[in-house]
Amino acid sequence: MSAAAGTPAEGGGDRPWQSYHTAYTNAKAGMEGVDKEKVQKVIYEMSKGSKYFENEQRKEALTKQKIEYLRAQCATLTDNDISHFQKVAEKKMLELEASRDLSKIWLHTDMDAFYAAVETLEDPSLKGKPLAVGSMSMIATASYEARKFGVRAAMPGFIGCKLCPGLVFVRPNFERYTHYSELTRKVFQRYDPNFIATSLDEAYLNITNVCIERGITGEEVATELRAAIHQETGLTCSAGVAPNRMIAKVCSDINKPNGQFILPNDREAVLTFVSTLPIRKIGGIGKVTEQMLRQVLGISTCQEMLQKAAFLCALFSEGSADFFLSVGLGLGGTETPEQRQRKSISCERTFTATSDSSLLFDKLANLAENLTDDLQKEGLKGKTLTLKLKTADFEVRTRAVTTRGYINSKEDILIYATKLLKAEMPLSLRLMGLRMSQLHDEKDDSSTSTQKTLDIFFRSSGNDLNVNGANVQSSTNTSGQDISPISVTTKDEYLVHDAGTSASTDQQDFFVHDESIFIPEQRNLVSYSNEAVLSNPVIDDALGEAKLDDVTPSAKVMNAEKFDDVCQLTSHEATASSSKPGQQLWIDDYVCSICGFELPPGFEEERQEHSDFHLAESLQHEETVDSKRPISNERLAERSCSTTPTPKKKLKSSKEGKHIPIDAFFAKCNKNL
DNA sequence: GCGGATCAC
DNA sequence: GATGGTGATCCGC
């Protein structure tokens, strides 16, 4: 069998660069004439020995282990097993086949080297030059001229320089890209008001209706639409037309740049199309999946998914197997999906690696502030806070905590985040990030405003989201306001909002290209977390361990709470606000005068931490008032594919036969692999 | 619910 | 000298 069909001597030998699988293994348009071996060697030489490189090696080793594991699994399959899974697979394939829908016509558009093209449009002196949009650390988009040298998106700039000594760098200008993106969307809108924008430079359009109403073909729509885009933006794009989105996306890449490819709505055409299509072309199959499928089952084309269907069902989860089989059948995405609401919101920054805890806590405070801004801009609160860390040697860790109530204030976020970070110290980091999930739209709050806890509690106690009584609990944030309990939002309310059509889900890629993060002179105060703001922090703090669970109120506390407790808590909260930074003292030797947090005299260390927190808080406040932070936090979207240096060039009608024959295309792909 | 990983852009 | 940021999802525990 073709198990172990991968490249046998990949482990190294006298050409170690061949086994260094970079993140950009997917062949991109504009890279055809490139001496891949040479480029690969340069990348290898420049990376070798770095922390980054070592981490990549570590990850590769893990992938290898996975592959070995799957091979071993494979080897244990008996004939009986195989025939069993063959039946399973055949049944599944029949089901999938029955779902085939050839009645829709989808069009995928992709701007050609979007950022580079925009920059060239704005500054014609760049025309014809090898251009990289990005920084020495990271290239977002490379112009066509640069691609000839092997320079491409996701490559660090310094490697780009080595590959292409004359490489010109331009800082990303996010506003520009957004502007041009909006122009393209105005065009999309005319062809499909429900178009799906997947990034600034890509979108899916269901053109079925346009074709029917105007009695024209998908090809004609594509030609017209691309001409309109060019007319209205001065930029070129490529398009793919097919019966579903999965295939349309692949098609838009075939005659890139400034081209289009149309696959007819015909089952045989689709099956022929996928028969030689490399799996890596499919969205969702990345570097690792490709390696696994190839090295475990010898699969490299979509059609081979069907030949190995039994093994796919035996080795992978049902979801994965279904996906793989769909790929083999050329199925995927014929209905316009409901507009998805965001599930998380996050913020992360890379910086010069440091183990200085005061620096790290500063950065954490900045992140908390940024996250808060973003949350509040969107009117969101969240329940789960995740701290992301990347160590100086590129190891990534995440640590999460789920709070009882929804939070979005900087203070609340910082308290939980600090706790999470403290538990990991000491360590040297090059990145930190904060993510909020389990979101809740504040606008969905049906209740009026403050002091609604009990009301909500009673009203919601019968609704189906409120399965777990222990969750129904309000807590207090630093400003003494209620944190809405989970039960505020009913299932219905969740579903109500949106129904929007503008499809402006900008999940574009941004990145910081200037790492000068403002670092105030530091004291280590912020590093002392406290849980004063928790509704019942005494017990948590008394446990005093740096355990994450501590942040979440322990079950024994929560489970014991009944209506009485809620009443008590609420009234307690009513007296617990007021805030006078810098003048904190312990009322009755017991209660914090600022936030009402109760801490008995025995807990001196905790008290010190608590006092420090308020001090830090007030100092932080001063800082934010008088410092304009020079965060050149420009956000940079991602790449598209290739650019045309002459955007004014007349679009060629697809009728003029600009298409590369399908076989030639795949031959090209295979060469690129 | 958490944490690691993968993927897209 | 130097390898990003945002968001989603899946899987195993």
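Model, not experiment: these values are computed from the prediction. Order of the sequence lines fixes the chain letters, A, B, ..., with proteins taken first and strands second; residue numbering starts at 1 for each chain.
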Task: Rounded distance in Å - CD1 (A/I285) to P (C/dC10) - done: 15 Å
- [ ] Calculate the interatomic distance between A/F394 atom CZ and C/dG5 atom C1'; express it in whole Å.
- [x] 15 Å
Open item on the list: Assuming nearest nucleotide by heavy-atom distance, tell me which of A/G283 and A/R58 is located more 5' along DNA chain B.
Closed with: A/R58
Open item on the list: I'd like to know whether A/R294 forms a side chain to side chain contact (heavy atoms under 4.5 Å, CB included) with A/I299, so could you lay out the CA-CA distance, the side-chain angles of the two residues, the decisive distance to 0.1 Å, and finally the verdict.
Closed with: CA-CA 5 Å; A/R294 184 198 300 263; A/I299 295 173; over 6 Å; no
Open item on the list: Without decimals, in angstroms, what is the distance between A/L200 CG and C/dG7 C1'?
Closed with: 14 Å
Open item on the list: Please report the distance, rounded to the nearest Å, between CZ in A/R399 and P in B/dC2.
Closed with: 12 Å
Task: Whole-Å distance separating the CZ atom of A/F158 from the P atom of C/dA2 - done: 8 Å
TODO: Indicate yes or no: at least one non-hydrogen side-chain atom of A/L235 is less than 4.5 angstrom from one of A/L183.
DONE: no
Open item on the list: If the condition is ring pair (Phe, Tyr, Trp, His ring centres under 6.0 Å), which residues does A/Y204 pass it with, not counting sequence neighbours?
Closed with: A/H108
- [ ] Provide, to the nearest angstrom, the distance between the CG atom belonging to A/N366 and the P atom belonging to C/dG5.
- [x] 14 Å
- [ ] Look at A/R435 and C/dG5 and indicate whether a side-chain polar atom (N or O) is within less than 4.0 Å of OP1 or OP2.
- [x] no
Open item on the list: Whether A/T398 contacts B/dG4 is assessed here as follows: a side-chain N or O lying under 4.0 Å from the phosphate OP1 or OP2. Is that the case?
Closed with: yes
Open item on the list: Let's go through A/S181 and A/T178 carefully: what are the C-alpha distance in whole Å and the side-chain angles of both, what is the deciding distance for side-chain hydrogen bond (donor to acceptor under 3.5 Å, both in side chains) to 0.1 Å, and is it a yes or a no?
Closed with: CA-CA 5 Å; A/S181 180; A/T178 306; over 6 Å; no
- [ ] May I ask you to say what A/I159 touches in the nucleic acid, namely base, sugar-phosphate or nothing, with a heavy-atom cut-off under 4.0 Å?
- [x] base
- [ ] Please state whether the phosphate of B/dC9, meaning OP1 or OP2, lies under 4.0 angstrom from any side-chain nitrogen or oxygen of A/K249.
- [x] yes
Open item on the list: Quick check on DNA chain C: between A/I43 and A/S344, whose nearest nucleotide comes earlier from the 5' end?
Closed with: A/I43
Open item on the list: Quick check on C/dT6: is either OP1 or OP2 less than 4.0 Å from any side-chain nitrogen or oxygen of A/R349?
Closed with: yes
- [ ] Verify the contact: side-chain N or O of A/K66 to OP1 or OP2 of B/dT6, cut-off strictly under 4.0 Å; return yes or no.
- [x] yes
Open item on the list: Under 4.0 Å, heavy atoms only, any strand: does A/S50 hit a base, just the sugar-phosphate, or nothing?
Closed with: base
TODO: With the side chain of A/D201 defined as its heavy atoms from C-beta on, choose the nearest nucleotide among B/dC9, C/dG7, C/dG4.
DONE: B/dC9
- [ ] Establish, with yes or no, whether the OP1 or OP2 oxygen of B/dC2 is under 4.0 angstrom from a side-chain nitrogen or oxygen of A/T402.
- [x] yes
- [ ] Would you mind telling me which of C/dA2, B/dG1, B/dC2 lies closest to the side-chain atoms of A/M136?
- [x] C/dA2
- [ ] Compare side-chain N and O positions of A/T350 against OP1 and OP2 of C/dG5 and report whether any pair is under 4.0 Å apart.
- [x] yes
Task: Proximal nucleotide (of C/dC10, C/dG5, B/dC2) relative to the A/L431 side chain - done: C/dG5
TODO: State yes or no: are the ring centers of A/F85 and A/F311 separated by less than 6.0 Å?
DONE: no
Open item on the list: Looking only at the side chains, is there a donor atom on one of A/D393 and A/T391 sitting less than 3.5 Å from an acceptor on the other?
Closed with: yes
- [ ] Please tell me which of A/T386 and A/V288 maps to the more 5' nucleotide of DNA chain B, matching each residue to the nucleotide holding its nearest heavy atom.
- [x] A/T386
Open item on the list: Using OP1 and OP2 only, check whether a side-chain N or O of A/K343 sits under 4.0 Å from C/dT9.
Closed with: yes
TODO: Using a 4.0 Å heavy-atom cut-off across all strands, classify A/R342 as base, sugar-phosphate, or nothing.
DONE: sugar-phosphate
Task: d(CG, A/L367; C1', C/dT6) in whole Å - done: 13 Å
Open item on the list: So, OP1 or OP2 of C/dG4: does either fall under 4.0 Å of a side-chain N or O from A/S135?
Closed with: no
Task: Shortest side-chain distance from A/T63, nucleotide among B/dT6, C/dG5, B/dC2 - done: B/dT6
Task: Given DNA chain C, 5'-ward residue of the pair A/S320 and A/M155, judged by closest heavy atom - done: A/M155
Open item on the list: Is A/R340 close enough to C/dT9 that one of its side-chain N or O atoms is under 4.0 Å from OP1 or OP2 there?
Closed with: yes
TODO: Respond yes when some side-chain nitrogen or oxygen of A/K390 is under 4.0 Å from OP1 or OP2 of C/dG4, and no when none is.
DONE: yes
Task: Check: A/Y44 ring centre within less than 6.0 Å of A/F53 ring centre - done: yes
Open item on the list: Looking only at the side chain of A/K287 (C-beta and beyond, no hydrogens), which of the listed nucleotides B/dC7, B/dG3, C/dC11 gets closest?
Closed with: B/dC7
Open item on the list: What is the distance, to the nearest angstrom, from the CD atom on A/Q341 to the P atom on C/dT6?
Closed with: 21 Å
Open item on the list: Which nucleotide wins on minimum distance to the side chain of A/E202, given the candidates B/dT6, B/dC9, C/dG5?
Closed with: B/dC9
Open item on the list: If the cut-off is 4.0 Å, is A/S346 near the phosphate of C/dG5, judged by side-chain N/O to OP1 or OP2?
Closed with: no
- [ ] With heavy atoms under 4.0 Å as the rule, sort A/L387 into base, sugar-phosphate or nothing.
- [x] nothing
